[in-house]
Chemist: 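After the structure tokens below, expect a handful of questions from me.
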Amino acid sequence: MVLFLEVVGNPRRLQSHPGMKADGSVDVIIMCGLVLLLVKILALQLMHPILESLRNTENQWLIDTLYAFNSGNVETFFSLKTYWGSQSDLANNEQRLKEKLQLLCLMEMVFTRPANHRQMTFWEISHQAKVPVDEVEMLVMKALSAGLVKGSIDEVDHKVHMTWVQPRVMDLQQVSFMKQRLEAWCADVKNISILVEDHAHEVLG
């Protein structure tokens, strides 16, 4: 399906293909690939023109569902269940999708935190990923064993300390967030530089 999308390129080429109907058959193609995109977590395909062709249409929910899944937004994803729940392929894979979504949620929580502040409580993860508190440890262990994150679990204080998260293809919102992080980092470096200059004479005597 991914190779097919790459070959097609522009969705208008698909619509103009003699073998396709002009009654929204493109949506069928996208629906067939939706499960694959969700299960394989191919964020790169979120920027594909064939998905953008659905924006501001009755099938906008397809785009919203993919973006919610990619960003690990459990609440938004299940708020769209009215739409994707009516698709048998998605409904039949709901538990599998939920498990992957919760892992993505954990990754997103790590990604959005500063490198020096990646300590999270079981309750925070439970609230964000929508899992019972007593299942948080298992969720984190799955992420650790799959190599999605690196860190440690404090079973006594019910906290998790993460040191690394697996790099992923980012959507525009995530890129914007990364830009803000880099700008904040640059500002910190500049402030430290000024501080060092102001106190250089004290160090040099």
Side-chain angles (χ1 to χ4, degrees), residues 1-17 19-113 125 127-131 139 143 146 148 165-182:
M1 185 63 192
V2 177
L3 291 176
F4 175 76
L5 291 177
E6 291 299 330
V7 172
V8 170
N10 193 313
R12 293 178 181 176
R13 291 174 55 190
L14 180 62
Q15 290 174 321
S16 61
H17 192 280
M20 297 299 293
K21 300 178 181 178
D23 60 355
S25 298
V26 171
D27 298 342
V28 177
I29 295 295
I30 295 175
M31 193 64 243
C32 291
L34 183 58
V35 176
L36 175 64
L37 289 171
L38 290 177
V39 173
K40 294 298 184 180
I41 316 178
L42 299 177
L44 183 62
Q45 299 304 318
L46 290 176
M47 310 308 296
H48 200 284
I50 202 168
L51 291 179
E52 288 301 309
S53 69
L54 297 181
R55 195 172 294 281
N56 298 321
T57 69
E58 62 180 9
N59 289 313
Q60 169 77 33
W61 68 269
L62 287 167
I63 298 178
D64 296 338
T65 300
L66 283 171
Y67 273 89
F69 193 89
N70 182 63
S71 62
N73 194 324
V74 181
E75 187 172 353
T76 298
F77 181 81
F78 280 99
S79 71
L80 294 166
K81 187 176 179 179
T82 303
Y83 299 100
W84 60 259
S86 61
Q87 307 296 327
S88 59
D89 288 335
L90 293 177
N92 293 338
N93 285 280
E94 180 177 345
Q95 184 58 34
R96 186 180 179 188
L97 294 176
K98 182 179 180 180
E99 292 173 358
K100 288 184 176 291
L101 179 60
Q102 290 168 337
L103 288 172
L104 279 171
C105 179
L106 178 62
M107 292 177 68
E108 191 71 10
M109 290 180 70
V110 179
F111 171 75
T112 54
R113 288 170 177 258
I125 298 174
H127 177 73
Q128 198 81 9
K130 308 303 180 188
V131 297
L139 174 66
L148 301 178
V165 60
Q166 184 185 76
R168 295 193 300 129
V169 176
M170 297 181 288
D171 58 36
L172 292 179
Q173 184 176 355
Q174 291 168 320
V175 170
S176 177
F177 176 79
M178 180 60 75
K179 175 177 177 291
Q180 295 174 11
R181 289 273 299 275
L182 287 173

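Note that the structure is predicted; figures quoted are calculated from it, not measured.
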Chemist: At their closest point, which heavy atom of Val74 faces which heavy atom of Cys105, and how far apart are they?
Modeler: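 Shortest heavy-atom separation between Val74 and Cys105 comes out as CG2-CB, 4.1 Å.
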Chemist: Which pairs count as salt bridge (Lys or Arg N to Asp or Glu O under 4.0 Å) when at least one residue sits in residues 76-86, sequence neighbours excluded?
Modeler: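 Only Lys81-Glu94 qualify under salt bridge (Lys or Arg N to Asp or Glu O under 4.0 Å).
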Chemist: The criterion is salt bridge (charged side-chain N to carboxylate O under 4.0 Å, His left out); which residues satisfy it with Glu99, sequence neighbours excluded?
Modeler: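 For Glu99 there are no salt bridge (charged side-chain N to carboxylate O under 4.0 Å, His left out) partners, ignoring immediate neighbours.
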Chemist: Kindly give the heavy-atom pair with the smallest separation between Gln102 and Val131, and that separation in Å.
Modeler: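 Looking at all heavy atoms of both residues, the shortest contact is NE2-CG1, 2.9 Å.
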Chemist: Kindly write out the residues that satisfy side-chain contact (heavy atoms from CB on, under 4.5 Å) with Glu75, not counting sequence neighbours, or none if the list is empty.
Modeler: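 Here the qualifying residues are Asn73, Lys130.
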Chemist: Is a side-chain N or O of Trp61 found less than 3.5 angstrom from the main chain of Thr82, in a donor-acceptor match?
Modeler: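 Absent.
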Chemist: Between Ala143 and Leu106, which heavy-atom pair has the shortest distance, and what is it?
Modeler: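 Reported closest heavy-atom pair: CB-CD2, 3.6 Å.
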Chemist: Take Asn70 and Leu104, measure what side chain to side chain contact (heavy atoms under 4.5 Å, CB included) needs, and give me the verdict at the end.
Modeler: CA-CA 7 Å; Asn70 182 63; Leu104 279 171; 5.6 Å; no
Chemist: Test of understanding: with side-chain hydrogen bond (donor to acceptor under 3.5 Å, both in side chains), list the residues that count as partners of Gln166, not counting sequence neighbours.
Modeler: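 Testing Gln166 for side-chain hydrogen bond (donor to acceptor under 3.5 Å, both in side chains), a comparison that skips the adjacent residues, returns none.
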Chemist: With sequence neighbours excluded, tell me which residues meet salt bridge (charged side-chain N to carboxylate O under 4.0 Å, His left out) with Lys98.
Modeler: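 Testing Lys98 for salt bridge (charged side-chain N to carboxylate O under 4.0 Å, His left out), a comparison that skips the adjacent residues, returns none.
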Chemist: Who are the side-chain contact (heavy atoms from CB on, under 4.5 Å) partners of Glu108, not counting sequence neighbours?
Modeler: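 Here the qualifying residues are Phe111, Thr112, Arg168, Gln174.
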Chemist: Does Leu101 form a side chain to side chain contact (heavy atoms under 4.5 Å, CB included) with Phe78? I'd like the steps, not just the answer.
Modeler: CA-CA 10 Å; Leu101 179 60; Phe78 280 99; 4.0 Å; yes
Chemist: I need the Leu62 CG to Leu90 CG distance, nearest 0.5 Å.
Modeler: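 So the gap between those two atoms works out to 8.5 Å.
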Chemist: So, using salt bridge (charged side-chain N to carboxylate O under 4.0 Å, His left out) as the criterion, who are the partners of Arg55 when residues are at least two apart?
Modeler: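 Scan of Arg55 (salt bridge (charged side-chain N to carboxylate O under 4.0 Å, His left out), adjacent residues dropped) gives Glu52.
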Chemist: Quick one: side-chain contact (heavy atoms from CB on, under 4.5 Å) partners of Ser79, sequence neighbours excluded?
Modeler: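 Residues passing side-chain contact (heavy atoms from CB on, under 4.5 Å) with Ser79: Thr76.
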